[in-house]
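Per chain, numbering begins at 1; letters A, B, ... match sequence-line order. Owing to the predicted nature of the structure, the values given are computational and were not obtained by experimental measurement.
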Protein chains: 2
Amino acid sequence: MPSTSVRRSAGQISGEDIVVEAAWLYYHDGLNQNEIANRLDVSRATVVNYLQEARERGFINITLASEPFTNHRLAGELCARFDLRAAYVLPDGGGSEREQFERVARGAANWLPSLLEAQDRLGVAWGKTIHDMAEHIEPVSIADLEVIQLVGSMATPYGFSAEICSANVARKLGANCVNLHAPAVLSTSEIAATLRKEAIIAAQLEAIEHCNKALFAVGSCNHDSHIVTSGLASHDDLDWYVAQGAAGVVCGRFIDTHGDPVRGPLDERMIGIDQTALRGKTMGVLVSVGRDKANAMLAALRGGYATHLVTSQSSARRLLDTRP
Amino acid sequence: MPSTSVRRSAGQISGEDIVVEAAWLYYHDGLNQNEIANRLDVSRATVVNYLQEARERGFINITLASEPFTNHRLAGELCARFDLRAAYVLPDGGGSEREQFERVARGAANWLPSLLEAQDRLGVAWGKTIHDMAEHIEPVSIADLEVIQLVGSMATPYGFSAEICSANVARKLGANCVNLHAPAVLSTSEIAATLRKEAIIAAQLEAIEHCNKALFAVGSCNHDSHIVTSGLASHDDLDWYVAQGAAGVVCGRFIDTHGDPVRGPLDERMIGIDQTALRGKTMGVLVSVGRDKANAMLAALRGGYATHLVTSQSSARRLLDTRP
DNA sequence: ATTAGGTTCTGACATTTGTCAAAACGGTGG
DNA sequence: CCACCGTTTTGACAAATGTCAGAACCTAAT
């Protein structure tokens, strides 16, 4: 009676097959590792290995439903106060601001796919928030999705510049990516104007105008915030805009505490979506968290740039504690 | 120093919030129950309860990726042999036929959502297989999906009659449901013809013609198979069709070993999709398993009714072991 | 044959998770 | 104020899962 070996390399069963079988028995049929070990006639330790392999290979998807987060009490209040269609509030979990940032990025990554549908054209801004979010998106494929870079590229080589953000989001969502092949800011408004008329750039700006959804973060108006460190604005630029009442930055554009555009010399030299166009999208997803972002978030929310918000509990409380 | 209570009903945190928080920390942040217990300042046993509640409430979704099943060696061979676009082969797991049936139903439930896209019109047949499958679909919402009942309702009250199958599939997928408000089989062809001309029925038959995808099982030609027990065909009907070469049943219609229609007196009296229309769909998902279904499956596959197949390893082997 | 080098598997132990009866709690009505 | 009742939490124990060093196994080269 020659017993057929179950060793992975032997037998008629191909290598990964037994791994899948173990995963199925465990996650779908609800057997425990002992029962699986008996059925497959291997040791329980081996079953542990199979299951680990299955997880590593991404055979198992564990996702958290979005409802409990959006239904969160704070989410409801945020929607009411800032006229949002939905908000996604992540628990603080008692961790540091660093951890909270991470969690919000993951939360946004978790939520985003369910906000998109086939044929959407999603504009993507830039920044550490957007970049980290993109990292955490579980790859899915959304039919005929187009991802469009909303802001020109950064002069300084930067880990989370606009083209990298949009490319990563597109990659994770299996989408086509329209990059904006121009610097975010040019030395003179004339050069910017010329560039805007270039056929290639014009087509890309056209794509920006016609995207229906937007994903963006906000920047604060400090001298150490990304708007300066990325080389988009000089310290003088920043001072000038702050003097005019700037309270925050969306897609590289300055806005005041009411969210209204603060226009100035830099604007003419920039290539990318402007405040008016951003406000016109049918969906605007704002991802932001942190004490330092509070004012800028408030400005962006008041300005009506966002229809959807992802943030943390403590940030949500800060927003709600401010007088309207 | 009044310590704020974390008891669920107290504090500013709403009841389900702490459950969600625990779930997040566990499934997303990968903390273990002890760490979570410390953070939330409750006992570990409580964390266990929270996590259980989160699972019960469906906050956590665990699904298996479809690739390992569709990439399976047997799946590839099935595609090649029967000209399928994809096959989903479930492990046998050493269990009984009963367990295999169950597993195939769950596998189909797992796979189906990823086969559908927005605006699809999915025709759904009937039978125990389809019914059990529907039970196991994890509720999702597919935009503008329409589910259409392919076969009329059963005269005998039946747990898995056509209208129940389509309604359940529709419910789970958040789809609109077009039911066929007519019996599957009538006493005379004249009555059937009259009924087909009724405006309501005609519109429903129209919907059947225009659906682009179909989900169906096969029936075998035994006297104890559902085609007889459900009251669709009498024993005499069955004998007659078998004598004409019938080897299986799809959507209540008889086919021979090549999958070609076997037409007879019963056909004129039936209301529902016919063999030609079924063959014309852009996608046909056949879900079937079991030794007794082998011949019928073979017939359906040869007849080109299916573009996608869900079955078990052992059933797959049986199919492949048969001479083409 | 035998040996070397890699991979896969296993047994013994460590850690994590689940269970359950009893205790603590919060509201309610005497 | 207290006794009651249903719910939530907890501690102690039981079960399940994870870890890791070494055994078993395969392959290919000597």
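- An angle of 10°, rounded to 10°, separates the two end axes of the helix from C:dA1-D:dT30 to C:dG30-D:dC1, each defined over five pairs.
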Distance-only criterion, 3.5 Å: show the donor-acceptor pairs between side-chain atoms of residues 129-140 of chain A and protein atoms not counting sequence neighbours.
residue, atom, partner, partner atom, Å
A:Asp132, OD1, A:Lys128, NZ, 3.4
A:Asp132, OD2, A:Lys128, NZ, 3.0
A:His136, ND1, A:Asp132, O, 3.0

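- Proximity of A:Gln313 to B:Glu21: side-chain heavy atoms (C-beta onward) are separated by under 4.5 Å at one or more points.
- Distances shorter than 4.0 Å separate some side-chain N or O of B:Tyr50 from OP1 or OP2 on D:dT9.
- Looking at A:Glu97, its side chain does come within 3.5 Å of a backbone N or O of A:Arg291 through a donor-acceptor pair.
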Quiz: residues 107-116 of chain B side-chain donor-acceptor pairs under 3.5 angstrom, not counting sequence neighbours:
residue, atom, partner, partner atom, Å
B:Asn110, ND2, B:Leu64, O, 3.1
B:Asn110, ND2, B:Tyr88, OH, 3.1
B:Ser114, OG, B:Trp111, O, 2.8

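- Rounded to a whole Å, the CZ atom of B:Arg55 is 10 Å from the P atom of C:dT17.
- The side chain to side chain contact (heavy atoms under 4.5 Å, CB included) search around A:Arg55 returns A:Tyr27, A:Leu51, A:Gln52, A:Ile60, not counting sequence neighbours.
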What pairs of nitrogen or oxygen atoms, one from the protein and one from nucleotides 10-12 of chain C, lie under 3.5 Å apart?
residue, atom, partner, partner atom, Å
C:dT10, OP2, A:Ser43, N, 2.8
C:dT10, OP2, A:Ser43, OG, 3.3
C:dT10, OP2, A:Thr46, OG1, 2.8

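- Summarising the geometry, the separation between CD on B:Gln33 and P on D:dA14 is reported as 18 Å, rounded to the nearest angstrom.
- The ring pair (Phe, Tyr, Trp, His ring centres under 6.0 Å) search around B:Phe160 returns B:Tyr158, B:His226, not counting sequence neighbours.
- Checked against salt bridge (charged side-chain N to carboxylate O under 4.0 Å, His left out), A:Arg106 has the following partners two or more places apart in sequence or in another chain: A:Glu102, B:Asp29.
- The CD1 atom of A:Ile36 sits 12 Å away from the P atom of D:dA16 (whole-angstrom rounding).
- When rounded to the nearest whole Å, the span between CG of B:Asn38 and P of D:dT9 equals 16 Å.
- With rounding to whole Å, B:Asn34 atom CG is found 12 Å from C:dT15 atom P.
- Taking atom CD on B:Gln52 and atom P on D:dA16, their separation rounds to 14 Å, with Å as the unit.
- Protein atom CD of A:Glu53 is 13 Å distant from nucleotide atom C1' of C:dC9, rounded to whole Å.
- Taking B:Glu117 as the reference, B:Asp120, B:Lys213 meet the side chain to side chain contact (heavy atoms under 4.5 Å, CB included) condition, with sequence neighbours excluded.
- Counting to the nearest Å, the C1' atom of C:dT16 and the CG atom of B:Asn32 are 7 Å from each other.
- Qualifying salt bridge (charged side-chain N to carboxylate O under 4.0 Å, His left out) partners for A:Glu77, counting only residues two or more places apart in sequence or in other chains: A:Arg73.
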